[in-house]
There are 2 protein chains.
Amino acid sequence: GAPGAPGYAGFPGQAQDPLYPYFSAVAGQDGQIDADELQRCLTQSNISGSYKPFNIETCRLMISMLDRDCSCKMGFNEFKELWAVLSAWKQHFMTMDKDRSGTVDPEEMRQSIASMGYNINPNALVVILKRYSTHGMIAFDDYVACCIKLRTLTDAFRRRDQSQRGVASFAYDDFIQCIMSI
Amino acid sequence: GAPGAPGYAGFPGQAQDPLYPYFSAVAGQDGQIDADELQRCLTQSNISGSYKPFNIETCRLMISMLDRDCSCKMGFNEFKELWAVLSAWKQHFMTMDKDRSGTVDPEEMRQSIASMGYNINPNALVVILKRYSTHGMIAFDDYVACCIKLRTLTDAFRRRDQSQRGVASFAYDDFIQCIMSI
């Protein structure tokens with residue numbers, strides 16, 4: 001699972017949480033945000049820093065990663081969880097992006113994926129790295145999209161690979177629903 | 001398979017093809033276009049009409065749908081094939097979008113998916129329709145993204161469901177490569 005948001009133990013309620021103003025500025029009365037609102041919220045909070053705002057599709061991926069009730073929306077607790085994950089990914093990306101170009105090269109990305117513990121064969125990795133590259137380099141937005149898909153797909157696969165043999169069976173409906181909802 | 005581009009039989013070469021100027025304006029010396037270039041090309045050709053330019057992620061889906069050599073690029077023949085498919089989808093979308101709002105409702109989308117011959121159970125459909133909706137409606141861009149994913153995933157599933165029982169087995173690497181490359 002994702003690490004919890006750090007360091008807020010001293011605050012008694014979410015209204016005092018330093019992340020809450022960003023969330024509440026876009027959340028509706030139901031206390032939930034959709035992909036559109038998440039995109040605005042992340043842009044306003046400046047988590048992407050000097051990097052450009054997240055693509056709306058990446059925001060949808062962020063929601064689907066944590067969307068346990070299939071609402072396609074996100075509450076404040078999920079937002080905090082997302083924030084912690086994004087912060088870790090940004091930190092890691094900035095370490096790789098030494099010249100602050102906003103991009104990393106495929107070899108750095110390959111090492112990054114290996115360091116997350118994924119065991120993917122070299123041929124598959126070549127395809128993946130090409131898919132998330134623009135002019136041979138990987139931007140932060142695409143790095144995040146790739147990390148989320150790897151995590152979500154690996155989780156979905158593991159739940160169906162009950163004997164842990166690295167092989168999973170899908171019925172057509174299950175396959176379509178599982179992948180189309182990401 | 002996709003229908004061929006109609007009505008160009010009278011032209012002897014691609015230089016005379018009415019679609020060629022749009023393609024050649026963005027294609028590099030290798031005669032191939034990437035997702036970035038496809039986005040510009042489709043915007044300039046105005047195929048999305050009154051609808052806004054396609055999201056870069058939708059352009060990547062368009063390339064992956066026809067990308068037989070895993071180059072993440074598209075030649076002129078694939079571009080013509082894409083054009084024919086997009087034109088058909090646009091025609092169909094405009095028929096549904098009677099008030100020219102640029103969006104259709106989930107029920108219209110559900111009928112549209114059924115009319116394409118996909119046999120997806122109601123629960124999976126609810127999830128899919130929610131995923132591709134914004135404020136309860138489906139825009140042309142998301143309609144196209146949904147159609148491409150359904151087609152590509154169904155093709156990928158069928159190739160692995162050799163006994164045609166509606167069940168397919170995936171090894172982890174194959175699963176990750178298959179889905180991550182879309």
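In what follows, every chain begins at residue 1, and chains take the letters A, B, ... in the order their sequences are listed. In this text, all values refer to a predicted model and were calculated from it rather than measured experimentally.
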Legend entry - Max heavy-atom pair count under 4.5 Å with chain A, selected residue of B/I179, B/N123, B/I63: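 Highest number of heavy-atom pairs under 4.5 Å: B/I179.
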Inset, instruction - Flag the one option from B/A171, B/C146, B/A168 with the top tally of heavy-atom pairs under 4.5 Å to chain A. - result: B/A168
Heavy-atom proximity to chain B below 4.5 Å, by part of [X]:
{"X": "A/F170", "answer": "both"}
{"X": "A/I120", "answer": "both"}
{"X": "A/N119", "answer": "backbone"}
{"X": "A/D34", "answer": "side chain"}
{"X": "A/N121", "answer": "both"}

Inset, instruction - Under 4.5 Å, heavy atom to heavy atom: which of residues 154-165 of chain B reach chain A? Give them by number, or say none. - result: B/T154, B/F157
Legend entry - Over 12 foreign heavy atoms within 6.0 Å of CD, A/E107: yes
Inset, instruction - Look at atom OH of A/Y22 and say whether more than 12 heavy atoms of other residues, nucleotides or ligands are closer to it than 6.0 Å. - result: no
Inset, instruction - Could you please spell out the steps behind the side chain to side chain contact (heavy atoms under 4.5 Å, CB included) verdict for B/D142 and A/R60? - result: CA-CA 12 Å; B/D142 294 315; A/R60 284 171 166 172; 2.8 Å; yes
Legend entry - Hphob cluster co-occupancy, B/M137 + B/L129, side-chain heavy atoms under 4.5 angstrom: no
Inset, instruction - Give a yes or no on whether B/L153 and B/V126 share a hydrophobic cluster (residues Ile, Leu, Val, Met, Phe, Trp, Tyr; joining criterion: side-chain heavy atoms under 4.5 Å apart). - result: no
Legend entry - Residues B/D67, A/K130: salt bridge by 4.0 Å N-O rule: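 Here B/D67 does not pair with A/K130 in a salt bridge, since their nearest N and O are not under 4.0 Å apart.
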Legend entry - Where B/V127 and A/S181 come nearest, the two heavy atoms and their spacing: CG1-CB, 3.4 Å
Legend entry - Closest contact, heavy atoms only, A/K149 versus B/I182: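 Nearest heavy atoms, A/K149 then B/I182: NZ-O, 4.0 Å.
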Legend entry - Exam field: side chain A/R131 to backbone B/C72, donor-acceptor pair closer than 3.5 Å: no
Inset, instruction - Heavy atoms only, distances under 4.5 angstrom: which of A/T58, A/I56, A/T134, A/V167 has the most pairs with chain B? Name it, please. - result: A/V167
Inset, instruction - Dump the intermediate steps for side chain to side chain contact (heavy atoms under 4.5 Å, CB included) on A/Q177 and B/I128, then the final yes or no. - result: CA-CA 7 Å; A/Q177 179 173 342; B/I128 293 170; 5.7 Å; no
